[in-house]
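Whatever order the structure lists ligands and atoms in, that order sets their numbers, starting from 1. Excluded from the calculations below are hydrogen atoms, water molecules and symmetry mates; all remaining heavy atoms, backbone and side chain alike, are included.
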Amino acid sequence: MSTNSRPFAIVTGASTGIGYELARECAEHNYDLLIAADEARIDDAAASLRASGANVEAIEADLATLKGVDALVAAAKGRPVDALLANAGHGLGKAFLDQDFDEVRHVIDTNITGTIYLIQKIGRQMRARKSGRILITGSVAGYIPGTFHAVYNGTKAFIDSFSFALRAELKDSGVTVTCLMPGPTETEFFRRADMTDTSVGQSEKDDPVDVAKVGFEAMEKGDGEVVAGWKNKIETTIANVTPSGVLAEMHRKQAEPGSAKNTR
Ligand SMILES: NC(=O)c1ccc[n+]([C@@H]2O[C@H](COP(=O)([O-])OP(=O)(O)OC[C@H]3O[C@@H](n4cnc5c(N)ncnc54)[C@H](OP(=O)(O)O)[C@@H]3O)[C@@H](O)[C@H]2O)c1
């Protein structure tokens, strides 16, 4: 990182999808970047962001582990973090009882444990400096019991809730917490979650460029939340007044293996 007068952002899950676009937004807004993901192609993302003139360092780390998060924090080399965009996460489709528990645990450890461990480490530094922006990628999935995506939706319910609570704890501290809640977005998410045969997997989705833009803008303004897209705004409003059992049955239609054929 060459020019320390520029603001500095850490973006997790920045190799693809929403995280890559969040990193691009940061680069366009003059941030120096430290980006992280679990696979080596994070270096390709860094190279492509550098091509736009940004100062970018990349680290490959499994952020489901405390060791991986510690390695990411160490890679910042003590540089004050102006913005933390805690975005890394993944899903896992199919019925809970048919899932491999190691994979289940990896979802929880990535989406919850590693995410909040990182937020605690960087958040403490921000609170001490009385300055900082935290953007957490939650999901509209946090509003809905996720039949055939049960653990994932549970992790996002945790994250959405955690984000608002942390924001309230940090009121007047100089540190803001913003929850970005996308709906179905055109990324590698559904393929990786083995959900391409589902109705939601085959549906038309939001563009990660647009999702990242509204998320970044909300973070910069210090807003508490932003639901990306008008359809998702309506969905979360309806979800708030719909019984959980009804929502769970609605989710079945979206996420049951083989449900894609019902949409054609
Ligand atoms: N797409 C949607 O419909 C949608 C909707 C609502 C919320 N979200 C949330 O948006 C965030 C980004 O997802 P996306 O849709 O952009 O999917 P994506 O294209 O699959 O990107 C996920 C990113 O997270 C990284 N990641 C996953 N597990 C990791 C781990 N254990 N350690 C380090 N990096 C890890 C991936 O890196 P590697 O490739 O190196 O593993 C990748 O960079 C997630 O939190 C997801 O839950 C997505």
Side-chain angles (χ1 to χ4, degrees), residues 10-24 34-46 48-49 58-72 75 85-93 102-103 105-118 135-144 146 149 151-160 162-163 179-196 198 200-212 214-215 225-229 231-232 235-236 254-255:
I10 293 179
V11 186
T12 69
S15 57
T16 57
I18 297 167
Y20 176 79
E21 297 301 336
L22 285 170
R24 210 181 38 71
L34 172 59
I35 60 172
D38 194 19
E39 292 172 12
R41 63 188 173 149
I42 190 65
D43 292 325
D44 300 335
S48 137
L49 291 164
I59 176 167
E60 192 186 325
D62 183 358
L63 301 175
T65 67
L66 301 193
K67 197 171 152 217
V69 174
D70 285 336
L72 170 59
L85 295 88
N87 164 82
H90 67 95
L92 182 64
D102 287 341
E103 291 185 46
R105 189 157 178 189
H106 200 265
V107 174
I108 297 169
D109 288 346
T110 302
N111 299 7
I112 299 180
T113 314
T115 297
I116 66 169
Y117 181 57
L118 175 64
L135 179 73
I136 312 176
T137 307
S139 175
V140 298
Y143 286 76
I144 302 164
H149 207 191
V151 172
Y152 173 79
N153 282 37
T155 65
K156 291 298 174 178
F158 178 105
I159 286 297
D160 293 351
F162 172 83
S163 177
C179 190
L180 168 60
M181 293 184 274
T185 306
E186 198 59 66
T187 68
E188 298 189 3
F189 180 90
F190 291 97
R191 183 185 59 74
R192 289 181 179 188
D194 198 10
M195 292 176 73
T196 51
T198 63
V200 62
Q202 294 286 327
S203 69
E204 196 177 319
K205 302 183 188 59
D206 294 330
D207 185 334
V209 173
D210 300 333
V211 172
V214 297
E225 67 186 294
V226 60
V227 175
K231 271 193 285 184
N232 301 314
E235 190 178 303
T236 52
Q254 291 293 308

Starting from the C-alpha separation in whole Å, work towards a yes-or-no answer on side chain to side chain contact (heavy atoms under 4.5 Å, CB included) for Thr110 and His90. CA-CA 7 Å; Thr110 302; His90 67 95; 3.8 Å; yes
With side chain to side chain contact (heavy atoms under 4.5 Å, CB included) as the criterion, how do Tyr20 and Leu49 come out once you've worked through the C-alpha distance, each side chain's angles and the decisive distance to 0.1 Å? CA-CA 9 Å; Tyr20 176 79; Leu49 291 164; 3.9 Å; yes
Walk me through whether Ile144 and Asn153 qualify under side chain to side chain contact (heavy atoms under 4.5 Å, CB included). CA-CA 7 Å; Ile144 302 164; Asn153 282 37; 4.3 Å; yes
With side chain to side chain contact (heavy atoms under 4.5 Å, CB included) as the test, would you mind laying out the steps for Glu186 and Asp207 before giving the verdict? CA-CA 6 Å; Glu186 198 59 66; Asp207 185 334; over 6 Å; no
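Protein heavy atom in closest approach to atom 27 (C) of ligand 1: Gly89 O, 3.7 Å. Of the protein's non-hydrogen atoms, the one nearest atom 14 (P) of ligand 1 is Thr187 OG1, 3.4 Å. For atom 29 (C) of ligand 1, the closest non-hydrogen atom of the protein is Thr110 CG2, 3.7 Å. Nearest protein heavy-atom contact of atom 33 (C) of ligand 1 is Ala61 O, 3.3 Å. Nearest non-hydrogen protein atom to atom 42 (C) of ligand 1 is Ser15 OG, 3.4 Å. Summary of contacts: the protein heavy atom closest to atom 3 (O) of ligand 1 is Thr185 N, 2.8 Å. Protein heavy atom nearest atom 5 (C) of ligand 1, with residue, atom name and distance: Gly183 O, 3.2 Å. Among all protein heavy atoms, the one lying closest to atom 18 (P) of ligand 1 is Thr16 OG1, 3.5 Å.
The backbone N or O of Thr137 lies less than 3.5 Å from a partner atom in the side chain of Lys156, making a donor-acceptor pair. Put simply, the side chain of Thr236 gets close to the backbone of Asn232: a donor and an acceptor are under 3.5 Å apart. Distance alone, capped at 3.5 Å, is enough to place a donor-acceptor pair between the Asn87 side chain and the Gly13 backbone. Thr12 contributes a side-chain N or O that, together with a main-chain N or O of Ala88, makes up a donor-acceptor pair within less than 3.5 Å. Side chain of Thr16 to backbone of Ala14: no donor-acceptor contact under 3.5 angstrom is found. A distance-only check finds a donor-acceptor pair linking the side chain of Asp160 to the backbone of Ser139 [under 3.5 Å]. No side-chain donor-acceptor contact under 3.5 Å links Glu225 to the backbone of Leu180.
Under 4.0 Å from ligand 1, not a single heavy atom of Lys205 appears. Neither the backbone nor the side chain of Tyr20 comes within 4.0 Å of ligand 1, counting heavy atoms alone. Counting heavy atoms under 4.0 Å from ligand 1, residue Asp62 touches it through both backbone and side chain.
Proximity of Ala141 to ligand 1 is not established, as no heavy-atom distance is less than 4.0 Å. In this structure, Lys156 has a heavy atom closer than 4.0 Å to ligand 1. Using a non-hydrogen distance threshold of 4.0 Å, Tyr152 registers as a contact of ligand 1. Under the 4.0 angstrom criterion for non-hydrogen atoms, Arg41 is in contact with ligand 1. Distances from ligand 1 to the non-hydrogen atoms of Ala36 include no value under 4.0 Å. Contact annotation: Pro208 has no heavy atom less than 4.0 Å from any atom of ligand 1.
Remark: ligand 1 atoms within the under-4.0 Å shell around heavy atoms of Asn87 are 10 (O), 11 (C), 12 (C), 44 (C), 45 (O). For ligand 1, the atoms lying closer than 4.0 Å to a non-hydrogen atom of His106 are 31 (N). Shown in contact with Gly138 at under 4.0 Å from a heavy atom are these atoms of ligand 1, numbered in order with element: 7 (C). Of all atoms in ligand 1, numbered sequentially from 1 with element shown, those under 4.0 Å from a heavy atom of Ile18 are 10 (O), 15 (O), 16 (O), 48 (C). Taking a cut-off of under 4.0 Å to the non-hydrogen atoms of His90, the atoms of ligand 1 that pass are 28 (N). Close contacts between ligand 1 and Glu188 involve ligand atoms 19 (O), 20 (O) [criterion: under 4.0 Å to a heavy atom]. Within ligand 1, the atoms closer than 4.0 Å to a non-hydrogen atom of Gly17 are 16 (O), 19 (O), numbered from 1 in the order shown. Residue contact check: Thr137 has heavy atoms under 4.0 Å from atoms 9 (C), 10 (O), 11 (C) of ligand 1.
For the pair Lys205 and Phe189, the cation does not sit on the ring face, since its NZ or CZ is not both under 6.0 Å from the ring centre and inside 45° of the axis.
Under the side chain to side chain contact (heavy atoms under 4.5 Å, CB included) test applied with Val69, the options Asp62, Thr115, Leu118, Ile116 reduce to a single match, Leu118.
In this structure, Val107 and Thr155 have side chains that are in contact, with non-hydrogen atoms separated by less than 4.5 Å.
Nearest heavy-atom pair, Leu72 versus Ala36, reported as atom, atom and distance to 0.1 Å: CD1-CB, 3.9 Å.
Counted within 6.0 Å of CZ on Arg41, heavy atoms from surrounding residues, nucleotides or ligands total more than 12; the atom is thus considered enclosed.
Between Leu63 and ligand 1, a contact under 3.5 Å exists for at least one N or O pair. At under 3.5 Å, a nitrogen or oxygen of Gly13, whether backbone or side chain, sits near a nitrogen or oxygen of ligand 1. Ligand 1 has no N or O atom lying under 3.5 Å from any N or O atom of Ser139, backbone or side chain.
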